[in-house]
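A quick write-up on the structure given underneath.
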Amino acid sequence: GTALPLTAATEPPLPQIVRQTEQPYISDLFVGTVAKRQIFAVAVPVRIGEEAPSALVMSLEPERLVEVLNEGGIPDGWLAAISDRNNINMARSRFAARFVGQRVPSESLRQYAGRPEGVITTTDFEGQHSLHAFHFSRLSGWRMAAWAPLPVVEAPLRQAWTLFLTSGAVLLSLSLLGALGLGRLMAAPIAELRRAGTALGQGQPVEPFSSTLREADELSLVLARASE
């Protein structure tokens, strides 16, 4: 009977989405029915012949995304974040627990203007005026962002044009690296789970695998046992 936070979506009908599209699907942030906390999920179809009557669903904690961000070599004083299709913050390289589930500032959303990537000046979650780069990931439908407060960027740079051109390029590179990190984390395990689901649906043995995603590896062990 407890009301959900306004920034959190309810659990999406992942099996239904996957059955309709017959494609893997990565959800936005939502409050899990069982977990009772904010998570996201990956679902892949289980194919039987030409149809996909069911799906494998794997729930993941936002902390897994924080690991991706912090492995990106972010310079001191700079930050990175991931937001979902609903413009809700999923992970952040600093104060992650404090900001998870919060909506991206409206000023940033206005300047994104539906573009797949770019560099803007905006006010961040902490109210600091920042130089901010963003990149939209086609794999997940999420947005990767990297930014630095203007005083941090200005410190080693003296001229305004150099500030915006050089720092903008660096920031955009960081957001792209974050997107690549997300791809490395998710793409291969999703492909492996998709193959495992197809094998299981066809009554074939499933071999457990080792990937970049611990939760996918554990699920592959369960599928391997189920196929015996």
Which residues satisfy the salt bridge (charged side-chain N to carboxylate O under 4.0 Å, His left out) test with Arg98, sequence neighbours excluded?
none
May I ask you to decide if Thr33's main-chain N or O and Glu11's side chain share a donor-acceptor pair within less than 3.5 Å?
yes
Quick check for you: to the nearest 0.5 Å, what is the distance between Met144 atom CE and Met90 atom CE?
10.5 Å
Which residues share a side-chain hydrogen bond (donor to acceptor under 3.5 Å, both in side chains) with Ser93, sequence neighbours left out:
none
If I take atom CG from residue Leu109 and atom OG from residue Ser83, how far apart are they, to the nearest 0.5 angstrom?
8.0 Å
Inter-residue atom distance Leu65.CG - Leu60.CG, 0.5 Å rounding
8.0 Å
With a 4.0 Å cut-off on N to O distance, would you call Arg64 and Glu67 a salt bridge?
yes
Tell me every residue that passes side-chain hydrogen bond (donor to acceptor under 3.5 Å, both in side chains) with Glu126, counting only those two or more places apart in sequence or in another chain.
Arg92, Arg94
With sequence neighbours excluded, tell me which residues meet side-chain contact (heavy atoms from CB on, under 4.5 Å) with Gln20.
Gln16
Rounded to the nearest 0.5 Å, what's the gap from CG on Leu150 to OG1 on Thr121? Could you check?
7.0 Å
Contact summary for Leu29 and Pro62, nearest pair of heavy atoms
CD1-CG, 3.8 Å
So which pairs with a foot in residues 84-109 pass ring pair (Phe, Tyr, Trp, His ring centres under 6.0 Å), sequence neighbours left out?
Phe99-Phe125
Which other residues end up in the same hydrophobic cluster as Val66, if Ile, Leu, Val, Met, Phe, Trp and Tyr are linked when side-chain heavy atoms come under 4.5 Å apart?
none
Hey, could you give me the OG1/CD distance between Thr123 and Glu107, rounded to the nearest 0.5 Å?
4.0 Å
Which of Leu14, Val44, Val42 passes side-chain contact (heavy atoms from CB on, under 4.5 Å) with Met58? Answer is Val42
What residues, two or more places apart in sequence or in another chain, satisfy salt bridge (charged side-chain N to carboxylate O under 4.0 Å, His left out) together with Glu22?
Arg47
Can you name the residues that form a side-chain hydrogen bond (donor to acceptor under 3.5 Å, both in side chains) with Ser108, not counting sequence neighbours?
Thr122
Sequence neighbours excluded, the answer for salt bridge (charged side-chain N to carboxylate O under 4.0 Å, His left out) partners of Arg115 is none
Carefully, step by step, assess Glu51 and Arg19 under the rule salt bridge (Lys or Arg N to Asp or Glu O under 4.0 Å).
CA-CA 8 Å; Glu51 299 182 350; Arg19 285 197 301 268; over 6 Å; no
Residue pairs fulfilling ring pair (Phe, Tyr, Trp, His ring centres under 6.0 Å) with at least one residue in residues 103-123, sequence neighbours excluded:
Tyr112-His132, Tyr112-Phe134
Under 3.5 Å, side chain of Trp78 to main-chain N/O of Pro149, donor-acceptor pair present?
no
Atom CD1 in Ile88, atom CZ in Phe40: separation rounded to 0.5 Å?
15.5 Å
Would you say Phe30 ends up clustered with Val18 if hydrophobic residues are merged whenever their side chains have heavy atoms under 4.5 Å apart, either directly or through other cluster members?
no
So Glu61 and Gln38, side chain to side chain contact (heavy atoms under 4.5 Å, CB included) or not? Walk me through it.
CA-CA 7 Å; Glu61 303 283 346; Gln38 295 186 104; over 6 Å; no
Taking salt bridge (Lys or Arg N to Asp or Glu O under 4.0 Å) as the cut-off, I'd like each qualifying pair that reaches into residues 79-90, sequence neighbours left out, listed once.
Asp28-Arg85
Arg143-Asn87 side chain donor-acceptor pair, cut-off 3.5 Å:
yes
Using the side-chain hydrogen bond (donor to acceptor under 3.5 Å, both in side chains) criterion, which residues pair with Asp124? Sequence neighbours excluded.
Ser130, Trp147
